[in-house]
Amino acid sequence: MSSPRRRHCRRSPAASPLEDDDLLSEILLRLPPQPSAPARTAVCKRWRLVCDPRFRRRFRLRHRRNPPLLGFFNRFDRLSFQPTDAPDVLPLGPSPLQRDDGDLLSLGCRHGLLLVFLPGILEVLVWDPVTGDRHRVAVPPVVAERAAKIGVGGAVYRPPGDVQHFQVVLAVTDDHGAQPRRALACGYSSKTGVWGSLISTPLPYQGHGSQFSAIVCAEDAVLAGDSLYWPLAGKLNGILEFDLEKQRLAVIRVPVDMWGKRERNGFKLVRAEGGVLGFLFISHSDCCAAQLWKRITGCDGVASWVLARTIQLDKLLSLKPEEKGGIEMVGFAQDNYVLLLRTVIGLFMIHLESLKFKKLSNTTTVSRYFPFESVYTAVTGIGGRHDASDVMHNK
């Protein structure tokens, strides 16, 4: 008796995971947010979903807390750019400046945006260096008057969970003929297109011996918790705090002579471990020791300064005796916890947690740098370049 014939069913080949748009999207979301990531040069039509504005928003939100450090803008050289890594050289968009802009004052970078004050026309410029998108805003008269005379501090940032709109805060002092002396701040929202109410707080008196009025330094503001912070200089040693939630200004005293009376000290605000406010201090008398201070709030709700650690820069960088002079802190990347240090032998980048360092260049030119930490979403190689126009609206 013959055995029954077996029927063999032909199975269709299994579909590739890359043919499922939802699954492919989840895979691409996990790529590193850097210019050298494979998705930037992909030519497969199946990968065109990275051009979708909805995907780009998801990509930015996913990587927002840990953006890569792509480089530094030189604020003394009309926004020239110093990349941090050769494979991830940032393809900058067109310059945001116009012929009649005149002088410029860079105020800082955050969330992929650069903030610039244009004193000649009393405007601020918010620029996305990757896409080239820009937004110009006229500064309120009261702030503009003080900013043009004695300078201004500023910050740009994106609200939590929002990758389309941005906000700007400008801070100045009114320390010339004002009774009482005060600090002023004002915020702008790109969502509403208007400036908010002017906020002020008295400036405490401090006989510092300086002939200059108290000013808000045009340094990169630190965003720690719900507040922005700028160092104060001139007649007042301290830190200006702007609480974004409570819309309130305050002055915080520090336990060191921030700038020095005769010999210049080094002072740099940072966001320390745990996301708290901190600062790095280098005394002129010991120019190789960088002290890291943190502001800790105790169980009683009282905040105080604590010396967390001291970093011996000469030993870390193996500096020779003749190379120990002229050490200067010239930039700090908050999200990556990286200090930019200028020495007589070049420009160094130091990760303050691991203490790993890298020499960026041999330049010894005195300057200041604003770190550019950003989630890179511009796409190249798929029918040309696709700018993230959904991130910011041109004027």
Side-chain angles (χ1 to χ4, degrees), residues 64-66 108 110 153 155 157 159-161 167 169 171 173 180-185 187 199-208 214 216-217 219-260 265-283 285-286 289-313 329 332-339 350-355 371 373:
R64 175 172 173 167
R65 292 187 177 182
N66 299 290
R110 183 171 289 103
Y157 66 97
Q167 297 188 9
V169 176
T173 56
R181 303 181 308 160
R182 56 182 183 161
L184 308 172
I199 300 168
S200 68
T201 190
L203 290 174
Y205 175 77
Q206 183 180 37
H208 187 252
V216 182
C217 296
E219 296 274 343
D220 204 355
V222 166
L223 178 59
D226 294 325
S227 294
L228 289 165
Y229 300 90
W230 295 270
L232 294 166
K235 293 180 180 178
L236 178 62
N237 264 337
I239 299 168
L240 182 65
E241 176 189 11
F242 181 66
D243 190 312
L244 298 172
E245 292 294 323
K246 299 178 181 178
Q247 293 289 291
R248 186 173 62 189
L249 282 171
V251 175
I252 300 172
R253 296 297 184 94
V254 294
V256 299
D257 186 1
M258 293 169 58
W259 311 114
N265 295 329
F267 185 90
K268 178 66 64 176
L269 283 179
V270 302
R271 186 173 63 203
E273 299 101 322
V276 301
L277 176 65
F279 67 82
L280 286 164
F281 177 74
I282 299 179
S283 170
S285 61
D286 189 1
Q291 298 178 357
L292 174 61
W293 293 76
K294 299 171 61 175
R295 195 164 189 255
I296 305 297
T297 301
C299 299
D300 55 359
V302 177
S304 59
W305 291 103
V306 176
L307 178 59
R309 64 193 297 196
T310 299
I311 304 171
Q312 296 296 331
L313 298 172
M329 298 179 290
F332 185 79
Q334 298 177 35
D335 292 324
N336 286 268
Y337 205 38
V338 168
L339 173 69
I350 304 174
H351 190 280
L352 293 183
E353 186 174 359
S354 66
L355 293 184
E373 301 170 284

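Looking at Ser200, its side chain never comes within 3.5 Å of a backbone N or O of Arg182 through a donor-acceptor pair. Remark: side-chain polar atoms of Arg271 are paired, donor with acceptor, to backbone N or O of Leu223 under 3.5 angstrom.
For the pair Asn265 and Phe281, the minimum side-chain heavy-atom distance is below 4.5 Å. Considering only heavy atoms from C-beta on, Thr297 stays 4.5 Å or farther from Val276 through its side chain. For the pair Pro371 and Val338, the minimum side-chain heavy-atom distance is 4.5 Å or more. Phe242 has its side chain out of reach of Leu240: every pair of non-hydrogen atoms, C-beta onward, lies at least 4.5 Å apart. Annotation: side chain of Phe332 is in contact with side chain of Tyr337 (closest heavy-atom distance under 4.5 Å). No side-chain heavy atom of Asn237 sits less than 4.5 Å from a side-chain heavy atom of Phe267.
Taking each heavy atom of Glu373 and Asp335 in turn, the nearest pair found is OE2-N, 3.0 Å. Taking each heavy atom of Leu352 and Arg309 in turn, the nearest pair found is O-NH1, 2.7 Å. Among all heavy-atom pairs drawn from Cys217 and Leu232, the shortest one is SG-C, 4.2 Å. Annotation for Gly278 and Trp305: closest pair CA-CZ3, 4.1 Å, computed over non-hydrogen atoms. The shortest non-hydrogen separation linking Gln334 to Ala221 is NE2-O, 2.7 Å. In plain terms, the two heavy atoms of Glu219 and Pro231 that are nearest each other are CG-CG, 3.9 Å.
Atom CE of Met329 sits about 4.0 Å away from atom CD1 of Ile282, to the nearest 0.5 Å. Interatomic distance, Leu307 CG to Leu292 CG, rounded to the nearest 0.5 Å: 8.0 Å. Between the OG1 atom of Thr173 and the CG atom of Leu184 there is a distance of 8.0 Å, given to the nearest 0.5 Å. Separation of atoms CD (Glu273) and CD (Glu353) is listed at 6.0 Å; rounding is to 0.5 Å. A distance of 6.5 Å separates CG in Leu280 from CD1 in Ile311, rounded to the nearest 0.5 Å.
With Arg295 as the partner, the side chain to side chain contact (heavy atoms under 4.5 Å, CB included) test is satisfied by one option alone out of Ile239, Leu277, Val306: Leu277.
Classification of the Trp293-Phe279 ring pair by plane angle, with boundaries at 30° and 60°, yields parallel.
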(request) Take Thr201 and Arg248 through the side-chain contact (heavy atoms from CB on, under 4.5 Å) test and state the conclusion after the steps. (result) CA-CA 8 Å; Thr201 190; Arg248 186 173 62 189; over 6 Å; no

